[in-house]
S.K.: 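Quick one: structure below, then a few questions.
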Number of protein chains: 2
Amino acid sequence: MSEDSENMREPLHETLQVQRGETEASLQPLRLGERVRSLRLGQGLTLEEASKLTGLARSTLSKIENEQISPTFSVVHKLVNGLGIDLPQLFSEPSNSAQPSGRRDITRRGEGKPHPTATYEHELLATDLSHKKMVPFTTRVRARAFGDFPEWIRHDGEEFLYVLSGAILFYTEFYEPVRLEAGDSAYYDCTMGHMLVSVSEEDAEVLWVTA
Amino acid sequence: MSEDSENMREPLHETLQVQRGETEASLQPLRLGERVRSLRLGQGLTLEEASKLTGLARSTLSKIENEQISPTFSVVHKLVNGLGIDLPQLFSEPSNSAQPSGRRDITRRGEGKPHPTATYEHELLATDLSHKKMVPFTTRVRARAFGDFPEWIRHDGEEFLYVLSGAILFYTEFYEPVRLEAGDSAYYDCTMGHMLVSVSEEDAEVLWVTA
DNA sequence: TTCGCGTGTTTCCTATAGGAAATTTACGTT
DNA sequence: AACGTAAATTTCCTATAGGAAACACGCGAA
């Protein structure tokens, strides 16, 4: 990093800002109060009961729900734990986002769209839907040795891997290989070379989701 | 609810507390500062740069990292957006391992970060990574009846569901409920109300990925 | 060594979060 | 209606969060 003058700071500032998306003035309204209220009422709780559960004062809860205050992190933590808030609704943004699009696609076991390769036998799931943010598929790992692959598999995006059965060796470009068994999972950048090899008696089966 | 005296409050308090697991004094330390610092350093940022990115004062960031203050939710929000942190990660317990720079995170079976609710028992996966496009977690479905849910669960984004074991009824707002068994999967818009109920002898276990 | 200068910490002050209690609102009941 | 009760809201006060600026600590260059 070379420095020229004292105003080399601003450009960096701007650059970083842009990279991260809006930070300063923008940042959605974050209807936290609204959500907390609907969550509480959904459980049929009064402020008094919620107060007991969370250890927070009734008044505090009321103010949070009416967006009169911005609760501290410790208070939010008590809220989450006390009311047993479900994860997805916790980190999803406002959700006032209109269009309740109601797509749904069920794929029965073994009914996916087959896509065999030399080393893997993929089965694409939810293929009736297009424009998905994620692409889920199950895979039977036929490869048995590192050498079965001509080269690293690399592509854009991120990938989540969950071992359904059997055991695999998970090779990645920048790490030592790891043995994964049923129930183990991994999350990684696909730009980093990666590949799977079955090491169990039978071919291992894994679930992959890419985004 | 009959009231006798002013001290009938405590017993109820205790009762409710127990039902939900510890809330008050307990609630693990939540080394927020520690995590924020490692996240910031992991990105090679100085307090000054982080300040520009988040719009927060250097001093404020310093105090947060040194656990001298509990930031308000709005401040946490700026932090999350400015530094690209996953919110769920902040509410699950601190992870011992520092952020790897190569972006790969392995989660062993049963080693996720627990997050129990009244109806589900979630286990967050890959919590060492932040800024993920997807959030994967496994869930034990405790709910046994439609009525166990006060209302539809609804939030932004899309969700992929894969049944690991047991059998569930998959209720969605705009479709008839469907029975799903091990190996079956579903992909749907989360803005549409949805919920799961176990219908097998034992609680069903599912894998969820949201994006 | 001393001078800068970038970095993190601390101080000081104002704005505001959070709890206890008073007040108001919303409903049943008689 | 007027009352009783339980809910939520508001008030009042203290504790504390957050920003600006001063301070302290390295560390490299002259």
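Here is how names work: the chains are called A, B, and so on, in the same order as the sequence lines, proteins then strands, and each is numbered from 1. Hydrogens, waters and symmetry mates are skipped; everything else that's a heavy atom, side chains included, is used.
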S.K.: Find out whether B:T60 and B:T54 are in side-chain contact, i.e. whether some heavy atom of one side chain is under 4.5 Å from a heavy atom of the other.
M.R.: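 Not in contact.
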S.K.: In this structure, how many angstroms lie between the C1' atom of C:dG8 and the CD1 atom of B:I64, rounded?
M.R.: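 To the nearest whole Å, that distance equals 14 Å.
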S.K.: Would you mind reading off the distance between B:E67 atom CD and C:dT9 atom P, rounded to a whole angstrom?
M.R.: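 That distance rounds to 12 Å.
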S.K.: Nearest to the B:I69 side chain among C:dT7, D:dA8, D:dA17, which nucleotide is it?
M.R.: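 Given the options C:dT7, D:dA8, D:dA17, the side chain of B:I69 is closest to D:dA17.
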S.K.: Check the phosphate of C:dG19 against A:T60, side-chain N and O only, distance under 4.0 Å to OP1 or OP2. Yes or no?
M.R.: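 Indeed, a polar side-chain atom of A:T60 lies that close.
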S.K.: Between the base of D:dA8 and the side chain of A:S59, is there a donor and acceptor pair under 3.5 angstrom?
M.R.: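 Side chain to base: no pair below 3.5 Å.
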S.K.: Reckon A:Q68 touches a base, only the sugar-phosphate, or nothing at all at heavy-atom distances under 4.0 Å?
M.R.: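 Sugar-phosphate, backbone atoms only, no base.
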S.K.: Give the rounded distance in Å between these two atoms: CG of A:L79 and P of C:dG18.
M.R.: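 It is 10 Å, rounded to the nearest whole Å.
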S.K.: Let me know the distance between CG of A:N66 and C1' of C:dA17, rounded to the nearest Å.
M.R.: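 Roughly 15 Å, once rounded to whole Å.
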S.K.: Looking at C:dT9, C:dG19, D:dA17, which one has an atom nearest to any side-chain atom of B:R37?
M.R.: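 Of the options given, the side chain of B:R37 lies nearest C:dT9.
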S.K.: Compute both the distance and the angle, then confirm whether B:R104 meets the cation-pi test with A:Y188: under 6.0 Å from the six-membered ring centre, within 45 degrees of the axis.
M.R.: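 Judged by the rule (NZ or CZ under 6.0 Å from the ring centre, within 45° of its axis), B:R104 is not positioned above A:Y188.
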S.K.: Judged by atom type as modelled, is there a donor-acceptor pair below 3.5 Å linking the side chain of B:E65 to the main-chain atoms of B:S62?
M.R.: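 A pair under 3.5 Å: no.
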S.K.: Using whole Å, report how far CG of A:L47 lies from C1' of C:dA20.
M.R.: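 Taking atom C1' of C:dA20 as the reference, CG of A:L47 is at 15 Å.
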S.K.: So, under a plain 3.5 Å distance rule, would you say the side chain of B:K63 forms a donor-acceptor pair with the base of D:dT16?
M.R.: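 Counting by modelled atom types and ignoring angles, no donor-acceptor contact under 3.5 Å is found here.
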S.K.: With heavy atoms under 4.0 Å as the rule, sort A:T72 into base, sugar-phosphate or nothing.
M.R.: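 Since only primed, P, OP1 and OP2 atoms lie under 4.0 Å of A:T72, the category is sugar-phosphate.
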S.K.: So, the side chain of B:T139 versus the backbone of B:Y120: is there a donor-acceptor pair under 3.5 Å, distance only?
M.R.: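 No; judged by distance alone, with no hydrogens or angles, the pair does not exist.
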S.K.: For B:L41 and C:dT7, give me the distance from atom CG to atom C1', rounded to whole Å.
M.R.: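 About 12 Å, once rounded to whole Å.
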S.K.: Can you tell me how far apart NZ (A:K63) and CZ (A:R58) are? Round to the nearest 0.5 Å.
M.R.: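 The NZ atom of A:K63 sits 11.5 Å away from the CZ atom of A:R58.
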S.K.: Given atom CG of A:L61 and atom P of C:dA17, what is their separation to the nearest angstrom?
M.R.: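 A:L61 atom CG is separated from C:dA17 atom P by 15 Å.
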S.K.: Roughly how many Å is it from CZ in A:R58 to C1' in D:dA7, rounded to a whole number?
M.R.: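 Nearest whole value for this atom pair: 9 Å.
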